[in-house]
Amino acid sequence: MTRFLPVSNPDFMPPEHLRAIQEQRFLRTVHHVYRNVPWYRDKMRDHGVSIDEIRSLDDISKLPFIVKTDLRDTYPFGMFAVPMSEIVRLHASSGTTGKPIVVSYTQSDLDVWKRVVARALASFGVNNGDTLQNSFGYGLFTGGLGLHGGGEKHGVSVIPISGGNTERQIMLMRDFHATVISCTPSYFIHLMDKAREMGIKIADLSLRIGVFGAEPWTDEMRKRIESEAGIKAYDIYGLTEIVGPGVGAECTEQAGPHIFEDHFYPEIIDPDTLQPLPDGEFGELVFTTLSKKAMPLLRYRTRDITRIIPERCACGRTLRRIARISHRSDDMFIVRGVNVFPGQIESALLTLEGTLPNYQIILTRDNGLDNIEVQVELVPEKFDDTLKSLEALQKTISDKIQHTIGIRVKVKLVEPNRIPKSEGKAKRVVDQRNL
Ligand code: ADP
Ligand code: ZN
């Protein structure tokens, strides 16, 4: 095996060092799960691959994939690779798309998690003089404790406020001089709305950086947030199954999250043929954990659609980047035979003046015909406009969406606060079709 020198900052490792670390950790992980998790032994046997065939990272393509239902089938502890006595933390996925999935961490797993989140914060330009208002939910959801641990590790002052109680959030943000906030982008929009109602301008407070993730958000949404709140908004990516937030994070170039590949090895596959795709091509993101002990995963299919960006980032990090996740394959809905993603509608909506970044997509079926209604909140001043000008805006939005997705949608303009707000992930699509 190649020998490599220790490097001080893993984000900037020479690619051959990174590869050597990945290879060593990969082989260790395969043997660890093979020895300790009967499920993997059965799975590899059924797939016709023997452990002796896995000799280098290139052999990864011989391994079977893991999908979400595998984790449900082994609920709750069937994938654990260490005895319970070594497990110090349990989390569960938020269950946006079904029953929760249980994950576990050893002490060293928690340490890796804290370090990747600390590296994420460092790459956003957060430092130990900062105060982090952590408005991700605390609990089984990984967002809250993930940012909490990484924040402390990085040396910032963490305010563990969790989600909700929005007025108090704004009061503390002002009184504690929070300089960084972490939450879902949709919750931050809600926070901005609330601040406006309270007569407080977030741009006048000390906040300078937003750490946003856990749900897709478009660049149009980023522009809205940055200009209204006077902050830089950065993307943090992660999923419970792999570790939680901190699988990847943008740098100040804002050019797609770098993946912390020394711990999480990414592949892109064609979701239909399951064949690996070269860097640059769009497909489904798949991860193999390289350092986890309690619950390593080999080739886990995330259902997130993206591509690996082949070009080196201007920041000098050698870690590869992915294009920001614009959608997950389970978010897609089909209307009149057309595949639509909420992000396409969001992009079309948010380029127009007069609307707030709060919207919801309602799907109904009338005599066998599908209808989409897009409800979008208007800025309060718009309500004084004439009916004629509102009708014109409605038509402009509808045209713009039709131009993007190819089908006509009904647009309903509603007053601020009409669309239900969530403290965590936003619910963008309400499907009332009983399919
Ligand atoms: P659930 O699957 O129940 O939502 P998680 O909380 O683990 O559980 O969510 C992980 C998923 O959230 C990811 O697979 C991805 O679809 C989405 N996600 C997380 N971070 C981002 C991000 N920065 N941009 C887009 N989507 C994200
Ligand atoms: Zn970069």
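When a ligand or atom number is given, it counts from 1 through the structure's own listing order.
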With heavy-atom distances below 4.0 Å as the criterion, list the atoms of ligand 1 near G213. 23 (N)
So Y105 and W113, would you call those rings parallel, tilted or perpendicular, with 30° and 60° as cut-offs? parallel
Just to verify, what does R312 make a side-chain contact (heavy atoms from CB on, under 4.5 Å) with, not counting sequence neighbours? P15, T318
Side chain to side chain contact (heavy atoms under 4.5 Å, CB included) partner of L132, chosen from I159, T179, V156: V156
Taking the minimum heavy-atom distance to atom 24 (N) of ligand 1, which of E241, H91, E215, R324 ranks first? E215
Of all the atoms in ligand 1, which lie at a distance below 4.0 Å from a heavy atom belonging to G238? 10 (C), 13 (C), 19 (C), 20 (N)
Taking atom 22 (C) of ligand 1 as the point of reference, which of D331, L285, I242, D235 owns the nearest heavy atom? D235
Hey, does R303 sit under 4.0 Å from ligand 1 if you only count heavy atoms? no
Where on T142 is there a heavy atom closer than 4.0 Å to ligand 1, on the side chain, on the backbone, on both, or on neither? neither
Determine whether a donor-acceptor pair (N or O, by modelled atom type, separation under 3.5 Å) exists between the side chain of D130 and the backbone of N127. yes
Would you check if the distance from the ring center of F212 to the ring center of F188 is below 6.0 Å? yes
Indicate yes or no: at least one non-hydrogen side-chain atom of I54 is less than 4.5 angstrom from one of Y34. no
If you measure from each heavy atom of K425 to ligand 1, is any distance below 4.0 Å? yes
Would you mind listing which atoms of ligand 1 come within a distance below 4.0 Å of any non-hydrogen atom of K68? 2 (O)
